[in-house]
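Below is one structure; the comments refer to it alone.
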2 protein chains.
Amino acid sequence: MTETAPRPTLEAVAARAGVSRATVSRVVNGGEGVREPLVERVRRAVEELGYVPNQAARSLVTRRHDAVAVVVAEPESRVFADPFFGLQLRGISKELTAYDNQLVLLLTEGRDDHARVARYLAGGHVDGALVFSLHLDDPLPGLIQRAGVPTVFGGRPGWSGDRRGVVYVDSDNRGGAREAVRHLAGLGRTRIAHITGALDQTSAADRLDGYRDVMVDADPRLIAEGDFTPAGGERAMRELLGRCPDLDAVFAANDLSAAGALRVLRASGRRVPDDVAVIGFDDMLPVAEQTDPPLTTIRQDIEEMGRLMARLLLRGLDRRNPAGGVVGTPSSVVLPTTLIRRTSA
Amino acid sequence: MTETAPRPTLEAVAARAGVSRATVSRVVNGGEGVREPLVERVRRAVEELGYVPNQAARSLVTRRHDAVAVVVAEPESRVFADPFFGLQLRGISKELTAYDNQLVLLLTEGRDDHARVARYLAGGHVDGALVFSLHLDDPLPGLIQRAGVPTVFGGRPGWSGDRRGVVYVDSDNRGGAREAVRHLAGLGRTRIAHITGALDQTSAADRLDGYRDVMVDADPRLIAEGDFTPAGGERAMRELLGRCPDLDAVFAANDLSAAGALRVLRASGRRVPDDVAVIGFDDMLPVAEQTDPPLTTIRQDIEEMGRLMARLLLRGLDRRNPAGGVVGTPSSVVLPTTLIRRTSA
DNA sequence: TGCCGTGGTGAGAGCGCTCTCGCCGCCCCG
DNA sequence: CGGGGCGGCGAGAGCGCTCTCACCACGGCA
C-alpha cells in the first residue's frame, strides 16, 4: 500500500525537451506535423521522465473518456454461474483494449440500482454503454435511451419502448432452434419435446418460436417451461416424462437445462440417444463436453458476440472506424449458429 | 445511438440559485458550512437543471478518481468457466458501489498485456487496484508494486519479491484441507487420496499442505496432480485408480475436479460414498449440488472475499473508513472455511 | 460603544491538458 | 531577387471543478 508518487506533467516534458507544451502534446497524440528531430527529442524526454498523460485533464477538454460502461442487469447472482457473461466480457475486453478503451463494469442488484446506473450513464463519465438486459419488462433500456448515451445491447432487448436507433447483437436463436429440431427430425424422431428457457427473455422466446416453426402442429404437452438452469431442466424433464412417456427427443433451450434433463432421463432408465435424443443450445464447453453422454448442441460464438458489441459501439463513437466498414449509425447484427454433433443426438 | 447533450455546469447552477460557484460546490459535496435556506435553494437548482458534477474536472483538482481497477490476470479463458471470479466480482462490486466507487475491469491476455496493465495503473487513472494473480511466477505483482498503486490481492500472491506491505484476502486453504481430510478419516477411511489443483497456484499448494498435515506419512502414490478442471480431475482419478485400486476416499482440490473424479469412479464401478468417499472444495453451488451424488465439500465464502478485498482497499485509501475498524495500513485477512455435508462423503 | 472572534459567503487562482490562432522562416514561382 | 504560400512551432485561453483566502456581518465581551 504505497502512496502514489507525484507525476511529471506536459510542462515538465516540454521543459526537458526544450519545446513548448503544444509540441509535446502533438507528439504524444501521434506526432502529426512535428519534424522528426523534435519528435525524437520529445519521445526521449517522455521516456526519461516516465510521463503518462493525465486522463482527467485530457477528458476535461476533449469530452472523451475512452471508456465504455458494461452494464449487467441480471437480478439474480445466476449471472456468473453461467460462463456466458464471462465469455462475452472477454470478447468485449479484447476489442476495447485493442482500441485503448477502458471497461467500467456496472453490476446491478435489483430495481433500486437502475436509477444509480442511469445517473452514472447520464453523468457523461463514459463514451458509451454495452448493456445486457434481456428481460421483457426491464425499465433499464428506456432509462438509458433517455440518458442519451450511445448504447449497444447484448441480445435483442425485449421491451416495448421506442425502437428507433436501438442497436443490438444477438445470435440467430430462432434459426438455431429450427436447425436443432430439424436435426432431431432428420434422425427419425417424431415426438420431439422442448424445454424452454426463462420465457421473460427474448432468447428463450425466440428459441421456442424456432421450435414451433418446425413442429407446426406439435402437441402442446411436448413443451415444458424451464429457466435455463439445470434444476429447471430436471423439473421440466420430469414433467414431460409424466405427460408424454413416449417422447423420443428433447430440444433444451440451453446446455445447462439439457444437462439436467439428461440426469432425469438416465434416472428414468432411458438410454440417450437410443431411446431419447437430446440436443442443447450454446455449446458451453465445460458443460456440453462433460455431460454423459457428451451433448450435441447448437453453438453460438459468445466471445465473438462480445467483440462485435464493442466494435459496433466504437464504430458509432467514430473511433477511427474500428475494423473497417462504413462509418455512421451501425445497425444490429444477428450472428449465425452452428450445429455441433456429439453423442447425445 | 443518440448524441450526448450539453450538460449544465456548476456555474449554471450558481447563476440559477443566485449564489457563487463555491457555495454550490459546498452543497454538492455535503453542504457543510452553508446555511439551510441557501442549501435548499441550491438543491432545487441542481434538481431543476439536472446537474451532475463533471468527474474529470473534479479529479483534475482532487487527484481522486473514486475508481478502482480490478485486474484479472489469468492466462487462459478458464477464468470464467469457473463461477469463481464472477462471484468475487459481485462482492467487489457491491462494496465499491456502496462507497460510490467505480469498477474498472482489466482482463489480461498473456504476458504482453502485463506492461499495458502496469502502465495503466501507473498512469494514476484509478485510486487503487484489486488484483487476482495467483500464479507463482507471475511478474504482475512486482510490476504493480513498482507502480506504487495501493493494491489488495485476491488470494495469497505466490511470488518471491518484496513482501512488505503486501495485503491480500484469502481463504484458509490449508485449514480447510485439513478439515476435509479429517472428515474422511473420521468416516473410517484410511487410504485417502488427493487430487491437487494447479500447483503453480498458492491455493493448490496450500491445500496440498493441509492434506499432508493430516496424512503425515501418506503413500506418495495417493497424490495425483490435477489442474482445477473436470478433465484434470478425471485424468488424476484414473491415475490414482491405476496406482492404488484400494483407495477408499478422495479429497479433490476443488469441486470441479471432484466432479470429474466422480464420473471416473462411477465408470469404474465404484459406489460413492460406499466404496469411495469423495470431498471437494469451494462449495460451488451449481457444481456441488448437481453432481451425482451431491458433493460434500469445504465451503469458502467467495463473495465475501471480494467484498472484503474492496473494503480493505477502500480503508487503505482512507475513504471515510468503510465499515468501521482502525484506519491505517490494513493487513491481510484469511477467511475461515466450513464443511458442507452432502452425500458423497 | 468599540473591538475582536467567528462563521458564512464570494472572488480568484490553478489543476494538466488540448486547440486555435498567429508568427516566423523556408521554398517556390514569377 | 521579391512576394506569397505553407508548414512547423509557440503563446494563451479555457475546459469545470476545488480550495484557499479575504471579506463581511454579526454577536459577545470589555
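Because the structure is predicted, anything quoted here is derived from the model rather than measured. Order of the sequence lines sets the chain letters (A, B, ...), proteins ahead of strands, with each chain counted from 1. These values consider heavy atoms only, across backbone and side chains, with no hydrogens, waters or symmetry-generated copies.
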Given [options], identify the nucleotide with an atom nearest to the side chain of [X].
X      : options                   : answer
N29(A) : dT18(C), dC9(D), dG16(D)  : dT18(C)
S20(B) : dC17(C), dC17(D), dG10(C) : dG10(C)
T9(B)  : dG16(D), dT18(D), dC17(C) : dG16(D)

Exercise. Got a salt bridge between R90(B) and E303(B), using NZ or NE/NH1/NH2 to carboxylate O under 4.0 Å?
Worked result: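 Not counted as a salt bridge, because no side-chain N and carboxylate O are separated by less than 4.0 Å.
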
So, do [X] and [Y] sit near enough that their side-chain heavy atoms are less than 4.5 Å apart?
X       : Y       : result
Y120(B) : V126(B) : yes
F153(A) : V166(A) : yes
V52(B)  : R7(B)   : yes

For this session: Would you mind telling me which residue lines up with the more 5' stretch of DNA chain C, L60(B) or V19(B), judged by nearest nucleotide?
Result: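 Here V19(B) is the residue nearer the 5' end.
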
Seminar exercise, completed: Separation of dC6(D) atom P from R35(A) atom CZ, nearest Å, is 16 Å

For this session: Can you tell me the distance, in whole Å, between the CG atom of L10(B) and the C1' atom of dT18(D)?
Result: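 From L10(B) CG to dT18(D) C1': 9 Å.
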
Problem set entry | Selection: residues 37-53 of chain B, any non-hydrogen atom under 4.0 Å of DNA chain C | L38(B)

For this session: For the helix from dT1(C)-dA30(D) to dG30(C)-dC1(D), figure out the bend between the end axes, five pairs an end, and round to 10 degrees.
Result: 50°

Exercise. What does R26(B) touch in the nucleic acid at a heavy-atom separation under 4.0 angstrom: a base, only the sugar-phosphate, or nothing?
Worked result: base

OP1, OP2 of [N] versus side-chain N and O of [X]: anything below 4.0 Å?
X      : N       : value
R21(A) : dC9(D)  : no
R7(B)  : dG16(D) : no
R58(A) : dT18(C) : yes
S25(B) : dT18(D) : yes

